[in-house]
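Sending over a structure as structure tokens; questions will come in a sec.
Values below: all heavy atoms of this structure, side chains included; hydrogens, waters and symmetry mates excluded. Indexing begins at 1, ligand by ligand and atom by atom, following the structure's order. Given the structure is predicted, the values throughout are model-derived calculations rather than measurements.
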Amino acid sequence: MPDGTLAWLGATALSQAMRGNAWLYPIVEIVHILGFAVLVGSVVLFDLRVLGFARTLPVAALARHLLRWALASLLLVAPAGLLLFSAHPEELAGNPVFRLKLALIAAAGLNALAFHAFPYRGVGNWERALPAPKAARLHALLSILLWVGVISCGRLLAYV
Ligand code: HEM
């Protein structure tokens, strides 16, 4: 984002309210936390199934249930994240931990797309009782690591 846009964003009434109102920032942060708890919770439970836990649960049915919640949670996470960002856009845009967090979110998204485009296509062959293919398990492990990284960066933002 160009510097002028960041300065403009920081001067908007919304951004000033996020900084000046004692309740607004914490309320938006609670919404952000509720959203990513559902997002990361459902994604990690799905990943654990792909890694071989609870093999009696059919993978495709679990995906239909959990991944719908993961997608819906983005409606809380992303707008709340943008509002939090709007409170201090210039500081955050230059913060390496914030940049790393965004890069990890992008990597987690690409990893999920690649999982669905490749190993998940053949889910009918391995969704009950059998171990998932190695590629699927690698995507699931990477997914857990990337989301732990995103959460760690998010929490570290308060300290760096
Ligand atoms: C997509 C998944 C995301 C996860 C798992 C996540 C995770 C977190 C965590 C753990 C925190 C710290 C909460 C706390 O300690 O109270 C946080 C805060 C924050 N997040 Fe996110 N976040 C996500 C997306 C985003 C997005 C898309 C943005 C902005 C574009 C964003 C911007 C922020 C900001 C600005 C803070 C506030 C930092 C502070 O007040 O110290 N987040 N996030």
| What are the atoms of ligand 1, with element, lying closer than 4.0 Å to any heavy atom of L92? | 35 (C)

| note | Atoms of ligand 1 under 4.0 Å from any heavy atom of Y25, numbered from 1 in the order shown, are 37 (C), 38 (C), 39 (C), 40 (O)

| query | Going by the order shown, which atoms of ligand 1 are within less than 4.0 Å of some heavy atom of A158? | reply | 41 (O)

| Atoms in ligand 1 flagged as close to I33, the criterion being non-hydrogen separation under 4.0 Å | 16 (O)

| said: Checking the side chain of S15 only, and the main-chain atoms of A11 only, is there a donor and an acceptor separated by less than 3.5 Å? | reply: no

| message | Once you measure the plane-to-plane angle for F85 and F98, does it fall in the parallel (<30°), tilted (30-60°) or perpendicular (>60°) bin? | response | parallel

| Candidate pair L76 and H32, rule side chain to side chain contact (heavy atoms under 4.5 Å, CB included), full reasoning | CA-CA 6 Å; L76 294 181; H32 195 57; over 6 Å; no

| said: For atom 18 (C) of ligand 1, what is the closest protein heavy atom, and at what distance to 0.1 Å? | reply: H32 CD2, 3.7 Å

| query | Backbone or side chain, does K101 get an N/O/S atom under 2.8 Å to atom 21 (Fe) of ligand 1? | reply | yes

| query | Which protein heavy atom lies closest to atom 34 (C) of ligand 1, and at what distance to 0.1 Å? | reply | L84 CB, 3.7 Å

| Which residue holds the protein heavy atom closest to atom 15 (O) of ligand 1, what is that atom called, and what is the gap in Å? | R155 NE, 2.3 Å

| said: Is the ring pair F115/Y120 parallel, tilted or perpendicular, if the boundaries are 30 and 60 degrees? | reply: tilted

| query | When you look at W147 and S143, which way does the side chain to side chain contact (heavy atoms under 4.5 Å, CB included) test go after all the steps? | reply | CA-CA 6 Å; W147 285 116; S143 165; 3.6 Å; yes

| Part of I105 with heavy atoms under 4.0 Å of ligand 1, whether side chain, backbone, both or neither | side chain

| task | Verify, without hydrogens or angle tests, whether R19 (side chain) and G10 (backbone) share a donor-acceptor contact under 3.5 angstrom. | result | yes

| query | Side-chain contact, heavy-atom cut-off 4.5 Å: L83 with Y25? | reply | no

| note | Nearest heavy atom to atom 10 (C) of ligand 1, choosing from Y159, F36, W147, F85, belongs to F36

| query | Under 4.5 Å between any side-chain heavy atoms of L92 and L157, yes or no? | reply | yes

| message | Does atom CH2 (W126) have a neighbourhood of more than 12 heavy atoms from anything else shown, all under 6.0 Å? | response | yes

| message | Please check: side-chain N/O of R49 versus main-chain N/O of L57, any donor-acceptor pairing under 3.5 Å? | response | yes

| task | Give the residue, atom name and distance (to 0.1 Å) of the protein heavy atom nearest atom 28 (C) of ligand 1. | result | G81 CA, 3.6 Å

| note | shortest atom 4 (C) of ligand 1-to-protein heavy-atom contact is with V150 CG1, 3.5 Å

| For ligand 1, which atoms, with element, lie under 4.0 Å from some heavy atom of L39? | 1 (C), 2 (C)

| query | Under 4.0 Å from any heavy atom of V77, which atoms of ligand 1 are there? | reply | 1 (C), 2 (C), 3 (C), 23 (C), 24 (C)

| message | Please list the nearest protein heavy atom to atom 30 (C) of ligand 1 with its residue and the distance rounded to 0.1 Å. | response | L82 CD2, 3.8 Å

| In the protein, what heavy atom is nearest to atom 12 (C) of ligand 1, and what distance, to one decimal place, separates them? | G154 O, 3.3 Å

| query | Which residue and non-hydrogen atom of the protein lie closest to atom 14 (C) of ligand 1, and at what distance in Å? | reply | E29 OE2, 3.3 Å

| query | Does the side chain to side chain contact (heavy atoms under 4.5 Å, CB included) test come out yes or no for V97 and Y159, once each step is laid out? | reply | CA-CA 10 Å; V97 175; Y159 304 97; over 6 Å; no

